[in-house]
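One structure below.
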Amino acid sequence: SLKLDGEWNKAVISEDQTYMLGRSRNVQGVFPDRANRLPHLIEELKVFPKNTVLLGELFLVGTDKTSRHVGSIMRSNPDLAIKKQAKDENKLVFAIFDCLMWNGEDLSNLSYEERYVNKFSELEHYTLTSNYIEPLRPLPVSQLPEEFPKLMREGHEGVVLMKIDEPYH
């Protein structure tokens with residue numbers, strides 16, 4: 001799938017709360033909850049079934065926006081992070097690239113094809129009315145020779161290759 005220049009995040013939609021757990025580059029194994037910096041995303045994630053875990057990239061639209069810009073928002077205190085996202089063009093977007101749990105069913109031991117590729121149209125359905133959440137379309141390897149140069153010309157960072165028959169590691 002498309003590689004975006006942002007920050008990895010895990011959306012955990014539980015029975016009573018939604019968490020946005022970001023991977024820390026400084027501390028191994030720590031995933032701080034930064035949902036209080038992303039009220040627009042937390043609101044849009046309410047359409048997903050409870051007990052769902054989605055992996056994705058937080059990014060800003062525009063080829064001039066990089067992970068540094070995303071980090072500037074996410075490492076701000078919550079009030080400042082929200083203020084930095086006051087304009088629509090400055091709001092962070094969550095691009096889903098994997099699904100580890102769906103409606104309480106653990107999918108992490110399934111292949112990537114079973115847990116995400118086959119679920120893509122369902123994920124797409126849940127995000128039809130979303131302004132800030134989008135599932136990344138899996139790109140078959142057979143399309144890489146044609147699609148990769150086009151993606152690079154558009155200013156994207158690259159692609160991520162996944163073994164389609166592998167469980168989540």
Completion exercise
d(Asn131 CG, Asp88 CG) to nearest 0.5 Å is 7.5 Å
Problem - Contact check, side chains of Arg75 and Glu7, non-hydrogen atoms, under 4.5 Å - result: yes
Exercise for the section: May I ask you to decide if Ile82's main-chain N or O and His40's side chain share a donor-acceptor pair within less than 3.5 Å? Expected result: no
Practice task
Give, for atom CD of Glu44 and atom OG1 of Thr129, the distance between the pair rounded to the nearest 0.5 Å.
Solution key: 7.0 Å
Practice task
Treat each ILVMFWY residue as a node, draw an edge where side-chain heavy atoms are under 4.5 Å apart, and state whether Val160 and Val117 are in one component.
Solution key: yes
Practice task
Using the rule that two of Ile, Leu, Val, Met, Phe, Trp, Tyr join whenever any of their side-chain heavy atoms come within less than 4.5 Å, decide whether Ile13 and Leu128 are in one cluster.
Solution key: no
Exercise for the section: May I ask you to check whether Glu114 and Ser111 show a side-chain donor-acceptor distance below 3.5 Å? Expected result: yes
Exercise for the section: Output yes when a side-chain donor or acceptor of Asp5 lies under 3.5 Å from a complementary backbone atom of Ser67, and no otherwise. Expected result: yes
Completion exercise
In short, Leu60 meets Lys65 closest at the heavy-atom pair CB-CB, 3.5 Å
Fill in the blank from the handout: In terms of heavy-atom contacts, Arg37 and Ile73 come closest through CD-O, 4.3 Å
Practice task
For Phe59 and Ala95, work out which heavy atoms get closest and say how close.
Solution key: CE2-CB, 3.7 Å
Problem - Any side-chain heavy-atom pair of Val12 and Met101 under 4.5 Å - result: no
Handout entry: Exercise: identify the closest heavy-atom pair between Met20 and Asp33
Key = N-OD1, 3.0 Å
Practice task
Among Asn109, Asp106, Asp98, find the one that has a side chain to side chain donor-acceptor pair (under 3.5 Å) with Arg115.
Solution key: Asp98
Handout entry: Option passing side chain to side chain contact (heavy atoms under 4.5 Å, CB included) with Trp102 (candidates Val53, Asn51, Leu123)
Key = Leu123
Fill in the blank from the handout: Heavy-atom nearest pair, Leu55 first then Tyr168, reads CD1-CE1, 3.4 Å
Problem - Between CD on residue Glu113 and CD1 on residue Ile164, distance to nearest 0.5 Å - result: 4.0 Å
Handout entry: Close side-chain approach of Val47 and Ile133, heavy atoms under 4.5 Å
Key = no
Problem - 4.5 Å side-chain heavy-atom contact, Arg137 and Phe120 - result: yes
Practice task
Evaluate whether atom CD of Glu89 has more than 12 neighbouring non-hydrogen atoms of other residues, nucleotides or ligands under 6.0 angstrom away.
Solution key: yes
Problem - Geometric class of the Phe31/Trp8 ring pair [parallel <30°, tilted 30-60°, perpendicular >60°] - result: tilted
Practice task
For Lys50, look at atom NZ and say whether over 12 heavy atoms of other residues, nucleotides or ligands are found less than 6.0 Å away.
Solution key: yes
Problem - Side-chain heavy atoms of Tyr126 within contact of Pro49, under 4.5 Å - result: yes
Exercise for the section: Mind listing the closest non-hydrogen atom pair of Gly158 and Phe148 along with its distance? Expected result: CA-CE1, 4.1 Å
Problem - Backbone N/O of Ser72 and side chain of Ser76: donor-acceptor pair under 3.5 Å - result: yes
Problem - Separation between CG of Leu139 and NZ of Lys3, rounded to the nearest 0.5 Å - result: 15.5 Å
Handout entry: pair Phe48-Ile96: side-chain heavy atoms closer than 4.5 Å
Key = yes
Fill in the blank from the handout: Output for pair (Ser130 OG, Glu124 CD), nearest 0.5 Å, gives 12.0 Å
Exercise for the section: Can you measure from CG (Leu45) to CZ (Phe94) and round to the nearest 0.5 angstrom? Expected result: 6.5 Å
